[in-house]
Each structure stands twice: as structure tokens, then as C-alpha cells.
Amino acid sequence: MLDIPSIVKNGVRDFQCICGRRHLVPEQRVLLGMGVLFDLPQVLSELNLGKKALLVSDENIFPLFGEQVVTLLEKSGVGVEICVLEQPSGFFYLEPDEDARSQIGVHLQENPDFIVALGSGVINDLCKFIAHRVQKPYIVIATAPSMDGYSSPGAPMLVGGYKVTFEARPPRVIVMDLDILSQAPLELIQAGFSDLMGKTTANADWVLRHYLLNEYLCEYSFELVKEGLEYLSREAALLKERSPEFVSSLSVALFNSGLSMTLVGDSRPASGLEHLVAHYLEIFALHRHLNPSLHGLRVGAATVVAQKLYVRFLDEVHLFSSFVSKKKPEVLLDELKLHFGPLFLFVEKEAAEKLSPPLAFGDFFANPVFVRKKVEEKLLVVSHVEETLKRAGIPSSLQELGFGESMVRDAFRYARFLRKRITLLDLLDWFGVLEEYLDWALR
Ligand SMILES: [Zn+2]
Ligand SMILES: [Zn+2]
């Protein structure tokens, strides 16, 4: 069974990392175990966050755990203002959009001292974003191990229908009560597991950038998630049983992934081309009023294709040095304007930078055998993502999640323009082989 890292347990504030940087560790209390929710009054009295809390939850979660949490807060001498978010009609899930933010905004007029998020992904993101904006601390009582955002420094929000990730402070207290987490709907546990699979290609992309573009790389941040990836992929078949051991290890692995982002200061250790594809599909599904599915499930299914692309690329990497001089991108500006339509204004800046390849590529092509080994160390920690997802009973293709073939293909062709971050998809396009690779991988 995995445990939270000693730097967190021992309350270390900063440390000199093997990557050469000094990482700041957030001031944070992590409660992990059966029944740890009942330790909350004790922790609150130690931290003294204030006398008035705004509790934010949603229609599904509040009826299950709301009363219990309110009682515990009141027992700690904290007055509670309650905000139960309603899912707007026409949406498949609660979304972190203008409507949800304004629902919370109304309750802020009561001037709470701190915010309590009771829920998973979207509730946590909303509270993190708003707490940061109004400069108040927040704590989260996690209700599902569905993604790695509890401990991360980013809060993805929908702005005008486009997903923008804002910088925000992680919570002061994270409650991971296994009695609550192991009761989570199976689909949410699957989503957390599936999201974790994406750390393989995310880190492969980071290594690629390190050798290609001399980008800074932190090996420790990968060490944080490696053990979880190995253990959970090995034990994937146990997911369906939701044993406390499995759910605990998954929760810790996701926590560690969030922590790695906080240490490094952005989402690099946890998000690569698989996340870009997942974001693309979400944005376009919302625009077309289709079911976007869950973040983690999209990420896992995208990782299956991403891993395939990577394995072939690494097999052929020695060929790429001969492409350097005759590189010719396939995707051009006019095509992008047409494809993104009204959303183009959100991607314009990133697109402009990515349309022309860099003039030089670091050490990458000088020693492809070495680089291949370095990429594989990350990529193949889970040797067969597709088989692992299947063993866990999780959809392993984007089609199974309801995305049509042309939408999936578009996602792999255009998703890279959503963010500045360079991934394998950029490299393949710059060298004029993206279409050929996609024909092969999506066949
Ligand atoms: Zn994710
Ligand atoms: Zn480091």
C-alpha cells in the first residue's frame, strides 16, 4: 500500500531537489485513512482558519455527506453557510462555468473566513479558484479518487465555453477518508486510475522537450508517481472490488501527482499530449452538446493512442535525423482558423508559435539511442496501457466513450494548438509525418 511522501508527513517547507532547484512544499495537512473525517475538528482548532465557513457541494454529494460535515464543523465552533450547486439543464455534468461561479459568489456575500469543498474534480476546482481570488484559505473533503487536482496548483475553469487553467493555491487541508472514497461511484474511481495512466506519456513528452529544446526536467517529480503507476497497473484487476487498499493507493498516487505539479510550479509532470487531446474533446463536445465523458476516462483512452504513437516514433527515431533539413509542417494557419472558428481567438497565440518549427534541436538527434532509453524509462513504466485499462474494466478507446472517428482524428491533429507546451504531436507534424502516424494509429 502506498503512503504519502515523508516531505508532506514531516511538514518539510522546502528542500534542495536532485533537479538542482529548491522546491517549496505547500503548507498542508493531509488526512488519509478510514474515518479520518472525524479528525477534522481537531485539525481545524489547531489551524484556526476562522469561525465561519462556506461549504460548497453539489446535488449528488450533499445529501450523502453534507449533514455529517455540517455537524462536524459546528462541533468545531464554526458557523456554516451552505452552497449546493445545481447542475444546469442541458449539461451532462456540473461544469466550472460562469453559472457555477456566480452561484458560489452569492454566498460569498456572507463573508466566510474559509471555504470547504465537499466533492471531487469540479467542486474542488471551483473552490480552489474562488478561494484564491478572494484570498481566503480552503480545505477539501475528497469524495472520489477521480483525478489529481486536489493537491495541484491549477484550477481549470470554463470561460466563454473554453477551458482555461488558472494558477491557484492548493488547499490547506485535504481529507481523504477511505470510508467516503471507497463508496465513490465506480466510474469516478475508473476515471482516477485512467488519468494516472496519462502520467507515462506526459513524462515522455517532458523528457522529449528536455533533450530537444533543453527544457528543465525534474526527475524527483516522476519518482513521486512511479511507484503508484507500477503498483496500480499490476493490481489493476482489483479496481472493481474497490478494496480500501486499492482505493487508498490510488488516492495517494493521485495526490502525489498533484504534489509533483505543485513542486514544479505547473502541470508539466502530469500533462502532455494525452491531456491536450482530452481537453480538445471536452471543449468540442460541450460546444456540440455531446456527452464529454469524464476527464480521467478521456485521458486514459487518449493515452492508449499516445503510447502507440510513441512506441513507433522511438522505433523509427534514427530516421528523424535525416528529416531535419527538409522539415515541412502539414498543418497551416488558414486551416486552423477554419477549424477552430469562434474559438480561434483562444488558440491564436499558441498556434502562431507552433506553426513554425524551432530552428535547432538540442542533443536529441545527436544521440537518438540514448534519448530513446530516457523516454522509455517514463513511457513504459506501464508497458501496455490498453491492456491495463481493460484489466481494470475501463473503456480503452475514445470511441467507446462516445466520440466519433472524425472527432478523434481532429483531436489528434489540432489539440496541440490549445497550449504552448510542445509534445510528440508537434514533432511529428514539424517533420511531416503526423498524418501518416495517425492513419496507422487510429486505424
Ligand atoms: Zn488529468
Ligand atoms: Zn526537482
Side-chain angles (χ1 to χ4, degrees), residues 5 7-8 12-26 93 96 120-122 124-125 128 142 144-157 163 165 170 187-203 205-207 210 215-226 228-229 232 250-251 253-283 292-304 306 378 382 385 389 394 398 401 411 415 418-419 421 423:
I7 49 166
V8 175
V12 171
R13 290 279 67 87
D14 61 0
F15 68 99
Q16 184 62 46
C17 183
I18 46 171
C19 72
R21 287 194 183 178
R22 204 164 180 85
H23 294 309
L24 299 177
V25 186
Y93 300 99
S120 56
V122 173
N124 177 63
D125 290 337
K128 193 194 293 181
S146 53
M147 43 82 233
D148 55 5
Y150 295 121
S151 47
S152 77
M157 291 289 117
K163 205 106 190 210
T165 299
E187 201 191 24
L188 292 179
I189 301 175
Q190 292 176 333
F193 182 93
S194 204
D195 191 24
L196 201 65
M197 292 297 113
K199 310 309 158 198
T200 54
T201 44
N203 280 280
D205 275 338
W206 195 3
V207 172
H210 177 65
E215 186 177 301
Y216 149 82
L217 178 71
C218 174
E219 291 285 353
Y220 176 68
S221 70
F222 187 70
E223 288 303 313
L224 278 173
V225 293
K226 191 177 170 203
L229 280 170
L232 291 159
L250 177 60
S251 306
L254 292 167
F255 170 83
N256 286 353
S257 174
L259 176 67
S260 72
M261 291 188 254
T262 299
L263 296 181
V264 168
D266 58 43
S267 65
R268 265 181 288 189
S271 165
L273 77 95
E274 73 300 319
H275 271 75
L276 292 179
V277 168
H279 292 327
Y280 174 100
L281 289 169
E282 179 181 32
I283 292 165
S293 174
L294 294 168
H295 166 82
L297 295 181
R298 286 193 307 273
V299 168
T303 304
V304 171
K378 309 293 193 294
V382 180
V385 172
L389 289 175
I394 299 174
L398 291 162
L401 297 177
L418 298 184
R419 301 274 190 279
R421 190 167 297 158
T423 73

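Quick note: residue numbers are just sequence positions, from 1. These numbers come from a predicted model, not from an experiment. Order of appearance sets the numbers: ligands from 1, and atoms from 1 within every ligand.
- Under the ring-ring contact (aromatic ring centres under 6.0 Å, His included) criterion, Y216 pairs with no residue, sequence neighbours left out.
- The backbone N or O of C218 sits less than 3.5 Å from a side-chain atom of S221, completing a donor-acceptor pair.
- Taking NE2 of H279 as the reference point, atom CZ of R298 lies at 8.0 Å (rounded to 0.5 Å).
- Classified by interplanar angle (parallel below 30°, tilted 30° to 60°, perpendicular above 60°), the ring pair F15/Y220 is perpendicular.
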Test log, rule side chain to side chain donor-acceptor pair (under 3.5 Å), inputs K128 and S152: CA-CA 10 Å; K128 193 194 293 181; S152 77; 3.1 Å; yes
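- Of all N, O or S atoms in H275, the one lying closest to the Zn ion (ligand 1) is NE2.
- Between E215 and R421 there is no salt bridge, since none of the side-chain N atoms of the basic residue sits less than 4.0 Å from a carboxylate O of the acidic one.
- Within a radius of less than 2.8 Å around the Zn ion (ligand 2), the protein N, O or S atoms are C17 SG, C19 SG, H23 NE2, C218 SG.
- A salt bridge links D148 to K199: one of the charged nitrogens lies within less than 4.0 Å of a carboxylate oxygen.
- Rounding to 10 degrees gives 100° for the angle at the Zn ion (ligand 1) between NE2 of H295 and OD1 of D195.
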